[in-house]
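Below is one structure, written out as structure tokens; comments come after it.
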Amino acid sequence: MGVNQRGQIVMSPEEITTFIEQGRTGTMATIGPKGMPHLVAMWYGLVGGKIYFETKTKSQKVKNLRRDPKIACMIEAGLTYDQLRGVSVEGTAHIIEDNTDPEYWAAGVSVFERYNGPYTEQMKPIVEMMLNKRVIVRIDPVRVRSWDHRKLGGPAMPLGGTTAQYL
């Protein structure tokens, strides 16, 4: 029987914050109309330590969240088992539709900056266009889980297998 190493790979709150700040893409999970998980890759922003997404108002994920606000997001990294690390945030979605709400704009700017560079007033029309017909989704966390297999201290594993040639 294997040894439970879960306690050894948990990230500290500081490590979680840094990991989320440095992450690039999250996987958002909502509950589809027939009860099945609906998973989508999403770019995200951070405001006050919370994760935000901007998405089309009429998207399936927004329809799902209007029906059931349960949401999860996973951010992960690592190409070999010894390098796997990630954070999973489960919570309640808060949909922000009012584009005059300062939180709406702050989240939109955060998403823009993470993937395009620093925001300036000259960028305002671009961000406004990016947010056209979109809502902001904030995750209010209920549970956060993390893992960092690098903490196990095992030997480096070579990148192998049938998919390695594509990386």
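Worth knowing before you read on, the calculation uses all heavy atoms, side chains too, and leaves out hydrogens, waters and symmetry mates. In this chain, residues are counted from 1 in sequence order.
Under the 4.0 Å criterion applied to side-chain N and carboxylate O atoms, Asp140 and Lys50 are assigned as salt-bridge partners. Electrostatic pairing of Glu76 and Arg24 does not count as a salt bridge here, judged by no charged N lying under 4.0 Å from a carboxylate O. Salt-bridge formation is detected for the pair Arg66/Glu97: a Lys NZ or Arg NE/NH1/NH2 atom is positioned less than 4.0 Å from an Asp or Glu carboxylate oxygen.
Taking both residues in full, the closest heavy atoms of Ala93 and Val137 are given as CB-CG1, 3.9 Å, listed atom of the first, atom of the second, then distance. Minimum interatomic distance between Ile139 and Cys73 (heavy atoms only, all atoms of both residues): CD1-CB, 3.6 Å. Closest of all the heavy-atom pairs between Val62 and Thr57 is CG1-O, 3.3 Å. The two residues Ile96 and Tyr104 come nearest to each other via the heavy atoms O-CD1, 3.5 Å. Nearest heavy atom pair, residue Met11 against residue Gly86, reads CE-O, 3.6 Å. When all heavy atoms are compared, the tightest approach of Gly108 to Met130 is O-CE, 3.3 Å.
Side-chain contact between Pro33 and Asn64 is present, with heavy atoms from C-beta onward closer than 4.5 Å. By the 4.5 Å heavy-atom criterion applied to side chains, Leu131 and Ile136 are counted as neighbours. For the pair Glu15/Lys151, a side-chain contact is recorded, criterion being any heavy-atom separation below 4.5 Å from C-beta on.
Within a 6.0 Å radius of NZ in Lys56, other residues, nucleotides and ligands contribute 12 heavy atoms or fewer.
Remark: the Glu128 side chain and the Asn132 side chain contain no N/O donor-acceptor pair separated by less than 3.5 Å. Side-chain contact check for Tyr52 and Glu103: at least one donor-acceptor pair (N or O, by modelled atom type) lies under 3.5 Å.
For the atom pair His149 NE2 and Asp82 CG, the distance stands at 10.0 Å (nearest 0.5 Å).
A cation-pi geometry, defined here as NZ or CZ lying under 6.0 Å from the six-membered ring centre and within 45° of its normal, holds between Arg114 and Tyr44.
Exactly one residue among Arg134, Lys61, Arg138 makes a salt bridge (Lys or Arg N to Asp or Glu O under 4.0 Å) with Glu54. That residue is Arg134. Considering Thr55, Leu65, Asn99 in turn, Thr55 is the only one that fulfils the side chain to side chain contact (heavy atoms under 4.5 Å, CB included) rule with Val135.
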Report the C-alpha distance between Ile71 and Thr92 in whole Å, list the side-chain angles of each, state the deciding distance to 0.1 Å, and finish with yes or no for side-chain contact (heavy atoms from CB on, under 4.5 Å). CA-CA 6 Å; Ile71 188 170; Thr92 304; 5.8 Å; no

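Phe53 is connected to Leu46 through a chain of hydrophobic side-chain contacts under 4.5 Å among Ile, Leu, Val, Met, Phe, Trp and Tyr, so both are in one cluster.
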